[in-house]
There are 2 protein chains.
Amino acid sequence: MNAEKSIILKGIEKHITLSEEEQQHFLSLLTSVKFKKKHPVLQPGEIAHEAAFVIEGCLRSYSIDDNGFEHIIQFAPEGWWMTDMYSFISQRPAQLYIEPIVDTEAFLFSRKNQMKLFDDIPKFERYFRIITENSLVAYRQRVVDNLGLNAQQRYEQFCVTYPTLIQILPQKQVASYIGVTPEFLSKMKKGMMRKR
Amino acid sequence: MNAEKSIILKGIEKHITLSEEEQQHFLSLLTSVKFKKKHPVLQPGEIAHEAAFVIEGCLRSYSIDDNGFEHIIQFAPEGWWMTDMYSFISQRPAQLYIEPIVDTEAFLFSRKNQMKLFDDIPKFERYFRIITENSLVAYRQRVVDNLGLNAQQRYEQFCVTYPTLIQILPQKQVASYIGVTPEFLSKMKKGMMRKR
DNA sequence: CAGAACCAATAATGTAGATTAAGAAAAAGG
DNA sequence: CCTTTTTCTTAATCTACATTATTGGTTCTG
């Protein structure tokens, strides 16, 4: 079995145990894709027929507000799932953009296949329940942070939560995620330097 | 069967079909409780052994920031589940306060019983997967709104999303949910009046 | 039903973070 | 390798919303 496929199975087997056939059945439902940096994966209005599991590279989802500003909602580096969850579960038009921030390799898994898989191998219902629970907790934490922390604290929080992403991302994308302008993030970092 | 129990079963049967025995088995895992207005249901540091399903009344969850300000994370009126999801799934110390905003009647459902139920009647895994998916989408929308809308727009959004809550809640709690001070919400509303 | 606690409105003043602008540095891409 | 594009920094100015303070109205609760 090739390395890409073992990455996704390893994640699943943290939560449920699968037989060899079950593994193969699941893998047969995935399609392998490569996305070119900045070439749109999904746009508002389209339907998210699939969720993507990132093997290599990194995706981001974002919204654009009335004034044309981007707000990054989620990053998905290797080993993470990414989709417009609203569109994926309702099969109605998406609200988010999804885009690779570098050339990215992923598996696509369609909602249709997911539904079929739940009927064929009910154990998978547990796996997706668990990762959905975890994802919900992450979003909740984001709400708590957005309401209760100032920009400086949100930046520090981001650094401890995503230490690897900080290395990779252009600063303006960190700014977009924590909800400040790139100019202000730059200013904050200068201020932090002075203090040590 | 009494009315309270049928409320919760009705919600479940929107997503899965249960036999009479399965219904009874599930109901046997619930305990009925009454909470007095403003008497704490859960506090940070405690463990959320249970999730609550509201039969009558309304719960709210909130955090308190470094400066002592409350930020409301969720309301749970009749027919909604409420817990500190982080604590409930990890069985580690909670981060949120949970409190009734009026005298409230609820069913408690323990994580332990939930785990057992998933093994006994796997169909329930699906029900909880689905409501977790929906809840995740609601939190995500909140993140999108917090990042992309100004205070006025967040207030209008709240009014269309929770038309019934607006009637019931003291204004300062709406302010706490949308992330502004009560003073500023009052000012915004005056501004809105003048325009029509 | 009276005192206490809570809640809404208004207004003056303060500030975290946005906006605008411009130049320097870095990265992408052909 | 050179050109173009993107990203980062700095600084002056601006504004959405916070803070503080006061008053009057509600609604708990003993």
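Chain A is the first sequence line, chain B the second, and so forth, proteins listed ahead of strands; every chain is numbered from 1. Any value given below was found using the heavy atoms of this structure, including those in side chains, with hydrogens, waters and symmetry copies removed.
For A:Lys38, the listed nucleotide lying nearest its side chain is D:dT7; candidates were C:dA9, C:dC6, D:dT7. Comparing D:dT7, C:dG17, D:dT9 by their closest approach to the side chain of A:Phe184 singles out C:dG17. When each of C:dG17, C:dT19, C:dC7 is scored by its nearest atom to the side-chain atoms of A:Asn150, the top-ranked nucleotide is C:dG17. Side-chain atoms of A:Lys187 lie closest to C:dG17 of the nucleotides C:dT10, C:dG17, C:dC7. Closest to the side chain of B:Val180, from the set C:dT10, D:dA18, C:dC6, is D:dA18.
A:Gln157 and A:Arg154 share no side-chain donor-acceptor pair at under 3.5 Å.
At D:dA18, one or more side-chain N or O atoms of B:Thr181 fall inside 4.0 Å of OP1 or OP2 (strictly under the cut-off). Between C:dA9 and B:Gln171, a contact under 4.0 Å exists linking OP1 or OP2 to a side-chain N or O.
Within the cation-pi definition used here (under 6.0 Å to the ring centroid, within 45° of the axis), B:Arg129 does not qualify as a partner of A:Phe124.
The closest donor-acceptor contact from the side chain of A:Gln74 to the backbone of A:Tyr62 lies at 3.5 Å or more, if one exists at all. Without hydrogens or angle criteria, A:Arg142 side chain to A:Ile73 main chain gives a donor-acceptor distance under 3.5 Å. At least one donor-acceptor pair under 3.5 Å links the side chain of B:Asp65 to the backbone N or O of B:Phe69.
The NZ atom of A:Lys172 sits 15 Å away from the P atom of D:dT5 (whole-angstrom rounding). Here the C1' atom of nucleotide D:dT6 and the CD1 atom of A:Ile101 are 15 Å apart, to the nearest Å. Taking atom CZ on B:Phe69 and atom P on D:dA18, their separation rounds to 9 Å, with Å as the unit. If you take OH of B:Tyr155 and P of C:dA8, they are 11 Å apart, rounded to a whole angstrom. Rounded to an integer number of Å, the gap from B:Lys36 NZ to D:dT29 C1' is 12 Å. The distance between atom CD1 of B:Ile168 and atom P of D:dT27, rounded to the nearest whole Å, is 15 Å. Straight-line distance from the NZ atom of A:Lys37 to the C1' atom of C:dA28: 7 Å, rounded to whole Å. As a whole-Å value, the separation of B:Asn67 CG from D:dA18 P is 13 Å.
Between A:Glu183 and A:Arg154, the residue anchored nearer the 5' end of DNA chain C, judged by the nucleotide with its closest heavy atom, is A:Arg154.
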